[in-house]
Amino acid sequence: MMVNRVERHMICAAHPYYPMLDEYCFRSKNLYNFANYQVRQTFFQYGTYLSYNELDKLLKTEGMDADYRAMPMAQSAQQTLRMLHQNWKSFR
């Protein structure tokens, strides 16, 4: 049995880090939605699934990298794509 341990932090709008964290969440949402669109289009057009590695490579190409590069660190962008990959894996 696997135990999930979660620590939850509630940050109110008056907190000094709130604007920065809000911006990072906004960027993560944009990357997730853009990547999800790419995966969906490939799935519906060709019946194939873009794996995490293919998606990561695609989103680093010129012209498609705006949302990926907007993330504060590459690790956070990669983690967002891993979460999308896991969601699609559980869907299929």
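Everything numeric in this text was worked out from a predicted model, so none of it was measured.
- In plain terms, the two heavy atoms of H85 and Y52 that are nearest each other are ND1-N, 3.8 Å.
- Sorted by first then second residue, the ring pair (Phe, Tyr, Trp, His ring centres under 6.0 Å) pairs that include residues 10-34, not counting sequence neighbours, are H15-Y17.
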Can I get a per-line list of side-chain donor-acceptor pairs under 3.5 Å for residues 55-73, giving both atom names and the distance, sequence neighbours left out?
| residue | atom | partner | partner atom | Å |
| --- | --- | --- | --- | --- |
| D56 | OD1 | Y68 | OH | 2.9 |
| D56 | OD2 | K60 | NZ | 3.2 |
| T61 | OG1 | L58 | O | 2.6 |
| D65 | OD2 | R69 | NE | 3.4 |

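- Going from atom CD of Q75 over to atom CZ of R82 covers 9.0 Å, rounded to the nearest 0.5 Å.
- Side-chain contact check for Q86 versus K89: some heavy-atom pair is nearer than 4.5 Å.
- How far OG1 of T80 is from CG of N36: 12.5 Å, rounded to the nearest 0.5 Å.
- Between V39 and Y49 there is a side-chain heavy-atom pair separated by less than 4.5 Å.
- Residues meeting the side-chain hydrogen bond (donor to acceptor under 3.5 Å, both in side chains) test with E23, sequence neighbours left out: R27.
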